[in-house]
Amino acid sequence: MSKTDIIPTNFIENIIVDDLNSGKHDKILTRFPPEPNGYLHIGHAKSLAINFGIKNKFGGTCYLRYDDTNPEKEEQEYVDSIKEDIKWLGHVWDKELYASDYFETMYQCAVLLIKKGLAFVCDYSDEEISKTRGSFNEPGVESKYRNRSVEENLKLFENMRKGLYEDGSRVLRAKIDMASPNMNMRDPVIYRILRSTHHRTKDKWVIYPMYDFAHPIEDAIEHITHSICTLEFEDHRPLYDWVVDNCEFDPKPRQIEFARLNIKNTIMSKRFLKKLVDDGFVEGWDDPRMPTISGMRNRGYPPEAINEFCERIGVAKANSEVEPSLLEFCIRENLNRTADRAMVVESPLLVTIENIGEDESFEFDIVDNPQDENSKTHKVVLKREIFIESSDFALVPPPKYHRLVEGGKTRLKGAYIIEHVKTILDCDGNVESLVCRYIPDSASGGENARIKVKATIQWVSKADAVDVELHNFESLLTDEVEGVKNFTDRLNQNSRQIIKGAKGEPFVLEGEENKRYQFMRSAYYKRAKKVDGVWQFYRIVSLKESYSLM
RNA sequence: AGGGGUGUCGCCAAGCGGUAAGGCAUCAGACUUUGACUCUGACAUUCGUAGGUUCAAAUCCUGCCGCCCCUGCCA
């Protein structure tokens, strides 16, 4: 009897701890069973975190098993992307398995049920089956084929496999109870005839098992101890157990259901996401606006942040909707520790520092990331003419404005304190440029460094300025889910807005793609790709309250 | 309507008969060469609701109410 001291943090782990302590199991075996009919999204990350979390926490085993029992919807592209996304999130599966590898076993299980008088071939059409299923109030009507002999059923089922019948002309049904209040138990279809090329078994089979029949068998074959799925399968559990019992599997897997992840204003249905891709509203499943794992990867979300989010949301059975701010918090928390800082000016305002000569320059070392003790530094050069963010100067400052004002002082990040001398207005009375002077010895360690200023602003020397492109994506958030039309209209209006003409430090242009930066006082960005010699940056997430006093 | 679930702070979520953890969000203050970060403080006399049992209930019982899922040859 094995005992564990591990403290459970949710109801599923509770069950597992009980099963370990009671000696029911020595080793826990879970599985992540995606159907390869689309890309993984953030909702799957939760399921991944639960199943692989159990593996890691309890020294268990977790399989990646493709639930590929419906050839009409499944594709190799999806199995590849799923693998890639799981790896990226950092999960390591013990075996890669496919439901389709069990088709023969499943067939034999069906034969066993027939022999036990627990399954029969039904000649009804799908309409007839539907019609005779009854309703929530009325029991169903038993199929007139329900009492065929075992021999006849065996022969018919074999013929189904041989391809002697047309698609949809017959099905194999479990013989359970047409009067059950649980619709799933009213003689459910467990095999159908379907001529469709399977991405792995090709045209070997013309009959395919249904989920309710296949899934428990898959679990049982693999000796899964805890088969974790979402709430909507609760009603299926009696059928799940019925299959495991009647196909005489031992040990028996246990199905546990939890509430799937919903994020406020975020579309998570695969059907819907697929439509966005198919209809060309986004560039693909991995478009940075998509709530898919690959979309988030392209957007620049760190995988650790996604996993942290999955930890923090918890696991329970109550339907809920998490606010996106929690995900954003996890991303910021991660990026604050890991992202290098860079100064960038989105809306440049020219400042001439009159006491710096035309050919004079000062070099400063700035720590790449002050949150990181081992951070490297990079050099910035201060010259006579610099750009500052136009919002960092206010002719008429609003209350509590801390930055540069007429006659005021502010610190240039990493360099000197400057003092406002003169404002130059254009003919319309708008601020055209500023004249300032720097305070000697006010750099770090200097005699005048202790002069109190209320703010530190970012700057870029004009001579060193280069263009970068900032892409501020509208992610797939909607105020209300109002159907495809409305939603895609919004997408077209708001997505891929390009903020042009940002000036950046030289160091921003060194290094590799996918590096993440915090642009001072604005947001975290990921360097994405170079187009026509100009780096594009994708906004990952904004800083908190970054522009509150604009 | 029948069945299966579920209701604890704006959003998640612990709690499992002994007198409401924690996180996000929010607000206030401190600190700061990023108004970021960090730090400090505030934030449910009350657990959908009405009764009952008990010395004691979010936790047990009963009745109501709300929300979610189920009548695919999808998963």
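All values below come from the heavy atoms of this structure, side chains included, with hydrogens, waters and symmetry mates left out. Here is how names work: the chains are called A, B, and so on, in the same order as the sequence lines, proteins then strands, and each is numbered from 1.
- For B:C11, neither phosphate oxygen OP1 nor OP2 lies less than 4.0 angstrom from any side-chain nitrogen or oxygen of A:Ser325.
- Nucleotide B:U38: paired with B:A30 (Watson-Crick or G-U wobble, both distances less than 3.5 Å).
- Among the atoms of the strands shown, base atoms are found under 4.0 Å from some heavy atom of A:Arg411.
- Look at A:Lys544 and you'll find a side-chain N or O under 4.0 angstrom from OP1 or OP2 of B:A25.
- Base contact: A:Gln371 has a heavy atom under 4.0 Å from a base atom.
- Considering A:Tyr191, A:Phe103, A:Tyr102 in turn, A:Phe103 is the only one that fulfils the ring-ring contact (aromatic ring centres under 6.0 Å, His included) rule with A:Tyr208.
- Within the 4.0 angstrom heavy-atom criterion, base atoms lie near A:Asp235.
- Using the Watson-Crick or G-U wobble rule with both distances under 3.5 Å, B:A14 pairs with nothing in any strand shown.
- For A:Asp126, taking side-chain heavy atoms from C-beta onward, the closest of the listed nucleotides B:A25, B:C69, B:C73 is B:C73.
- The pair A:Arg254-A:Asp241 fails the salt-bridge criterion, with no side-chain N (NZ, NE, NH1 or NH2) lying under 4.0 Å from an Asp/Glu carboxylate O.
- Comparing B:A50 with B:G7, their C1' atoms are spaced 16 Å from each other, to the whole Å.
- Across all strands shown, A:Ile129 has heavy atoms under 4.0 Å from base atoms, whether or not it also approaches the sugar-phosphate.
- Listed by residue number, A:Glu35 are the residues of residues 31-49 of chain A with a heavy-atom contact under 4.0 Å to RNA chain B.
- Comparing B:U33 with B:A42, their C1' atoms are spaced 31 Å from each other, to the whole Å.
- For the C1' atoms, the distance linking B:C65 with B:U71 amounts to 26 Å, nearest Å.
- In the set B:G35, B:C70, B:A36, B:C70 carries the atom at the smallest distance from any side-chain atom of A:Phe136.
- When each of A:Ile386, A:Ile418, A:Leu382 is checked for a side chain to side chain contact (heavy atoms under 4.5 Å, CB included) with A:Ile356, only A:Leu382 meets the rule.
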Subject >> Pair A:Tyr416-A:Phe364, ring pair (Phe, Tyr, Trp, His ring centres under 6.0 Å): steps then yes or no >> reply: CA-CA 10 Å; A:Tyr416 296 122; A:Phe364 300 93; 5.2 Å; yes

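- For A:Lys413, taking side-chain heavy atoms from C-beta onward, the closest of the listed nucleotides B:U33, B:G72, B:G35 is B:U33.
- In this structure, B:C67 forms a base pair with B:G5, meeting either the Watson-Crick or the G-U wobble geometry with both donor-acceptor distances under 3.5 Å.
- Both A:Ser444 and A:Pro181 lie near RNA chain B, and the one whose nearest nucleotide falls closer to the 5' end is A:Pro181.
- Contact annotation for A:Ser320: backbone-only contact, meaning every heavy-atom pair under 4.0 Å involves sugar-phosphate atoms and none involves a base.
- When distances run from any side-chain atom of A:Leu543 to the nucleotides B:C24, B:A36, B:U71, the shortest one goes to B:A36.
- For B:G35, the OP1/OP2 oxygens have a side-chain nitrogen or oxygen of A:Arg521 closer than 4.0 Å.
- A:Ala443 comes within 4.0 angstrom of a nucleotide base, judged by non-hydrogen atoms across all strands.
- Smallest separation of non-hydrogen atoms from A:Asn182 and A:Pro238: ND2-CG, 3.7 Å.
- With respect to A:Lys544 and A:Glu328, no salt bridge is recorded, no charged nitrogen being found less than 4.0 Å from a carboxylate O.
- Contact annotation for A:Ser180: no contact, since no heavy-atom pair falls under 4.0 Å across all strands.
- Under 4.0 angstrom from either OP1 or OP2 of B:C12 there lies no side-chain N or O belonging to A:Lys317.
- Within 6.0 Å of the NZ atom in A:Lys383, the count of heavy atoms belonging to other residues, nucleotides or ligands exceeds 12.
- Comparing B:A25 with B:A20, their P atoms sit 27 Å apart, to the nearest whole Å.
- Distance from the side chain of A:Val171 is smallest for B:C73 among the nucleotides B:U33, B:C73, B:U71.
- At a cut-off of 3.5 Å, with distance as the only test, no side-chain donor of A:Glu218 or A:Tyr211 sits close to an acceptor on the other residue.
- Residue A:Phe329 contributes atom CZ, which lies 18 Å from atom P of B:C12 at whole-angstrom precision.
- Across all strands, A:Tyr208 comes closer than 4.0 Å to no nucleic acid atom at all (heavy-atom distances).
- Using a 4.0 Å heavy-atom distance criterion, A:Val315 is classed as a sugar-phosphate-only contact.
- Of the candidate nucleotides B:C68, B:U71, B:G35, B:C68 has the atom nearest to the side chain of A:Asn319.
- If you check every strand for non-hydrogen atoms under 4.0 Å, A:His236 touches a base.
- In this entry the distance linking CD of A:Glu328 with C1' of B:A36 reads 15 Å, nearest Å.
- Across all strands, A:Tyr191 comes closer than 4.0 Å to no nucleic acid atom at all (heavy-atom distances).
- Side-chain atoms of A:Met183 lie closest to B:U71 of the nucleotides B:G35, B:G10, B:U71.
- Of the candidates B:C73, B:U32, B:C37, B:C37 carries the atom nearest the A:Asn336 side chain, counting heavy atoms from C-beta on.
- Here A:Thr9 does not reach the OP1 or OP2 of B:A14: none of its side-chain N or O atoms lies under 4.0 Å away.
- Distance check on atom C1': B:G66 versus B:U38 gives 43 Å, rounded to whole Å.
- Heavy-atom nearest nucleotides on RNA chain B were determined for A:Lys452 and for A:Tyr524, and the one closer to the 5' end corresponds to A:Lys452.
- Between A:Arg403 and B:U33, a side-chain N or O to OP1/OP2 separation shorter than 4.0 Å is absent.
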**OP:** Let me see the working for A:Glu389 and A:Ser391 under side-chain hydrogen bond (donor to acceptor under 3.5 Å, both in side chains), right down to the final yes or no.
**Re:** CA-CA 5 Å; A:Glu389 196 67 59; A:Ser391 60; 4.8 Å; no

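- B:G72 adopts a syn glycosidic conformation, its chi angle falling within 90° of 0.
- Counting only heavy atoms from C-beta on, A:Asp67 has its side chain closest to B:A75 among B:G5, B:A75, B:G72.
- Counting non-hydrogen atoms under 4.0 angstrom, A:Gln518 reaches a base of the nucleic acid.
- A:Lys376 and A:Asp368 are not joined by a salt bridge, as no carboxylate oxygen comes within less than 4.0 angstrom of a charged side-chain nitrogen.
- What separates CG of A:Leu231 from P of B:C68 is a distance of 13 Å, to the nearest Å.
- A salt bridge is absent between A:Glu35 and A:Lys73: the closest approach of a Lys/Arg side-chain nitrogen to an acidic carboxylate oxygen does not fall below 4.0 angstrom.
- B:A57 sits 9 Å from B:U19 when the C1' atoms are compared, rounded to a whole Å.
- Residue side chain A:Arg237 does not reach the base of B:G4 through any donor-acceptor N/O pair under 3.5 Å, judged by distance alone.
- At the heavy-atom level, A:Tyr211 lies under 4.0 Å from base atoms of the strands shown.
- Looking at A:Glu138, its side chain has no donor and acceptor atom pair within 3.5 Å of the base of B:G2.
- Base pairing of B:C60: its partner is B:G52, meeting the Watson-Crick or G-U wobble criterion (both donor-acceptor distances under 3.5 Å).
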Original post:
Yes or no on ring pair (Phe, Tyr, Trp, His ring centres under 6.0 Å) for A:Phe11 and A:Phe258, after CA distance, side-chain angles and deciding distance?
Top reply: CA-CA 9 Å; A:Phe11 82 98; A:Phe258 70 96; 8.1 Å; no

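- Closest to the side chain of A:Thr456, from the set B:G35, B:A13, B:G10, is B:G35.
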